[in-house]
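Contents: one structure, followed by commentary.
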Amino acid sequence: LNILKKGGNNILCPYSPAHIQDLLKGSDKTINLEFIRRDLNLLNEISKNHNFQLNFNTNLVEPKFSSAHGLFDGYVESRKRPFLNPDHILQTNNEQVDWIAKTMTSSWKIMPVDIDFTKFDNDPQVKKIFASYFKRTRDSKTMYNFMHDFSEFFQELNEKPEVFTKIVNLFRAQSGIDPKLVSNFKNPFEELKAILSNSKSGFDFEKLIMQEEYNKNKPLNNKLTKFSLQYTGLDLGGFHPDTINKKNLFSNFTNDAHHAFYAAHCDFFVSHEKKLLKKAKAVYELNGAQTIVLNPNEFIEYFKEIFNQPFDATHLFESIHEAFKTSSSEKINDRGHENTNLWLYQPEKRILAYFNFIYLRIHESGRQTIFLRHVQKNFSTFSLFAEIESIVNKLGDIFGEDLTAQKKFGINDQEELEKSSWTGRAWVINGYFIALQSDELTSGITLTLEQITDDYIEELNNMVSSP
């Protein structure tokens, strides 16, 4: 907590529904509510009310700004309904919403699901475990029946941890999986795929984790479900597996998967749970997310250097110079510009705790243009106003008021950003024209340092005189 407070606006720690679901456990007992409310206050303090939630209609995680108390109260109300039960999932006191819910329920009753239960019945041991489950779907393969059956199955897994243990042990035994061996795999998805394809179980691991059978069924086809299947597939395959028991319920396990999913929209995922971090890192690598996975001690060490840095003009220019000296460079196509060379550098540490890409354009005359960008390397498709506010204020402290006498981030900045009409900031410092502007490609902002030379002034005059 001290490191987060010391970090100030350099660190933003949004909460997610997974944090709220953690606090639901025990909330049915009045004696626990005081402690839960205290934890909710702490969530608000650390996150500054920023949170991420999945929009199931767009299948995108969206940033929100709201109190954890409100989200918790909503989850408490929804907890009274059986998980995924189609008769309760959309139940409200709003006549219009209830009418929509009835329409959706009717569509689920005729929506087919393509699940072959004969795969479970062909093996006596498997059939013994699954014979009492998914009876409705066996009779009629509709989404409505499947949701009913899955709701009951999920409840059974939570109430009887031994059911999950039986399933896992049978799967590993039939697949010839040794968790001690699997946990040492460098590429667990590929190596598990190879093991299963050669085992007597005949499981297609890739199909098991990639949702291929659910693509036509929207309620099952979302990013959270896909990620959770991949995470669960690793655990099922014995990669740093969790032990499910009465203290660590199946819902705890699924909630860990949800934590990892929402963290994939951040730059860092911090947890003290080693098994969770191992599985999360493997799923991130599979999906190309470069979210950095750290335990609390590693997180503190990582940021110590950043917190001790002076965010001033000297630090800014020295950091850029250091990146040019030590970072690997890549020559890239400079579209729209003739007679120039464009180089990309990726500094090891973020500049001003924000910029992670540097572009250097060298013009034919030798003039240099430097661009600093914040490029998302994770699942995120957005930037938060708090991030932009932080970097605007830092640069305001470094360079002072800009050419329009603006310095600190204000309400006008936020309104302009919302309307995509933000004019940013501009300074002239030590022979450079420095501009901070919105970056449509990255949904963030770009800092441009343009060397003021005779040919740059000529370039500006040509732009002004062009019809």
Side-chain angles (χ1 to χ4, degrees), residues 3 5-12 267 302-329 340 342-363 365-375 383-410 412-414 416-417 422-439 442 444-457 459-460:
I3 200 76
K5 290 178 181 178
K6 186 177 179 181
N9 290 331
N10 294 313
I11 301 179
L12 185 62
D267 298 311
Y302 189 96
F303 277 94
K304 267 184 179 178
E305 181 182 346
I306 292 177
F307 295 153
N308 292 328
Q309 289 174 348
F311 291 129
D312 54 25
T314 300
H315 168 72
L316 172 61
F317 288 106
E318 284 183 352
S319 297
I320 294 172
H321 182 66
E322 183 68 18
F324 289 157
K325 283 174 51 182
T326 60
S327 303
S328 59
S329 61
T340 62
L342 185 62
W343 299 87
L344 168 63
Y345 299 82
Q346 297 185 48
E348 184 178 345
K349 297 288 185 181
R350 291 173 182 260
I351 296 176
L352 299 181
Y354 181 77
F355 299 109
N356 58 352
F357 271 47
I358 304 177
Y359 296 85
L360 173 63
R361 175 180 292 140
I362 302 177
H363 301 258
S365 64
R367 172 167 60 92
Q368 295 183 351
T369 305
I370 300 170
F371 306 90
L372 277 68
R373 305 176 86 177
H374 176 209
V375 179
S383 288
L384 301 174
F385 286 143
E387 293 179 278
I388 297 175
E389 177 182 4
S390 175
I391 193 64
V392 168
N393 289 341
K394 282 176 191 169
L395 290 168
D397 290 338
I398 291 173
F399 298 129
E401 290 187 349
D402 79 338
L403 297 176
T404 59
Q406 295 185 91
K407 185 177 179 182
K408 294 292 185 181
F409 187 91
N412 290 338
D413 293 294
Q414 182 167 327
E416 289 176 4
L417 282 165
W422 189 54
T423 54
R425 300 285 189 274
W427 303 267
V428 173
I429 306 288
N430 295 334
Y432 279 87
F433 175 72
I434 302 173
L436 188 65
Q437 298 170 308
S438 292
D439 188 340
T442 65
I445 52 179
T446 298
L447 181 67
T448 305
L449 296 91
E450 187 76 66
Q451 195 173 13
I452 301 175
T453 61
D454 290 341
D455 71 304
Y456 174 60
I457 294 173
E459 187 178 302
L460 290 178

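Nothing here was measured: the structure is a model prediction, and the numbers come from that model. When reading the values below, keep in mind they use all heavy atoms of this one structure, side chains included, and skip hydrogens, waters and symmetry mates.
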Self-check item: Closest contact, heavy atoms only, Lys407 versus Arg425
Solution: O-NE, 3.5 Å
Self-check item: Non-hydrogen side-chain atoms of Leu436 and Phe399 separated by less than 4.5 Å
Solution: no
Quiz item: Taking the side chain from Gln451 and the backbone from Gln368, do they hold a donor-acceptor pair closer than 3.5 Å?
Solution: yes
Practice problem: Would you check if Phe409 and Leu417 make a side-chain contact, meaning some heavy-atom pair closer than 4.5 Å? | Solution: yes
Quiz item: Tyr345 and Ser327: which non-hydrogen atoms are nearest, and at how many Å?
Solution: CD2-O, 4.0 Å
Self-check item: salt bridge (Lys or Arg N to Asp or Glu O under 4.0 Å) contacts touching residues 345-360 (sequence neighbours left out)
Solution: Asp267-Arg350
Quiz item: Does one side chain, of Thr448 or Glu450, offer a donor that lies under 3.5 Å from an acceptor on the other?
Solution: no
Quiz item: How long is the gap from NE2 on His363 to OG1 on Thr340, to the nearest 0.5 Å?
Solution: 7.0 Å
Quiz item: Would you say the side-chain atoms of Asp397 pair up with the backbone N or O of Lys394, donor to acceptor, closer than 3.5 Å?
Solution: no
Self-check item: Nearest-0.5 Å distance, OG of residue Ser328 to CG of residue Leu344
Solution: 8.0 Å
Self-check item: Value rounded to 0.5 Å, distance of CD1 in Ile358 from NE2 in His321
Solution: 11.5 Å
Quiz item: According to the interplanar angle, ranging from 0 to 90°, do the rings of Phe317 and Tyr432 count as parallel (below 30°), tilted (30 to 60°) or perpendicular (above 60°)?
Solution: tilted
Self-check item: Residue among Leu316, Thr446, Asn356 satisfying side chain to side chain contact (heavy atoms under 4.5 Å, CB included) with Leu372
Solution: Leu316
Quiz item: Do you know the tightest heavy-atom contact between Trp427 and Glu401?
Solution: CD1-O, 3.4 Å
Quiz item: Does the side chain of His315 come within less than 4.5 Å of Leu352's, by heavy atoms?
Solution: yes
Quiz item: Which pair of non-hydrogen atoms, one from Phe355 and one from Ile445, has the smallest distance, and what is that distance?
Solution: CE2-O, 3.7 Å
Self-check item: Test item: Leu395 and Asp402 side chains (from C-beta on) under 4.5 Å apart, heavy atoms
Solution: no
Practice problem: Indicate the atoms forming the closest heavy-atom contact of Ile351 with Ser319, along with that distance. | Solution: CG1-CB, 3.9 Å
Practice problem: Identify the two heavy atoms, one from Gly444 and one from Tyr354, that lie closest to each other, and give their separation to 0.1 Å. | Solution: CA-OH, 3.8 Å
Quiz item: How many angstroms lie between atom CD1 of Ile434 and atom CD1 of Ile452, to the nearest 0.5 angstrom?
Solution: 8.5 Å
Quiz item: For residues His374 and Thr442, is any side-chain donor paired with an opposing acceptor at under 3.5 Å?
Solution: no
Exercise. Quick one: pull up CD1 in Ile388 and CG in Asp413 and give me the separation to the nearest 0.5 Å.
Key: 9.5 Å
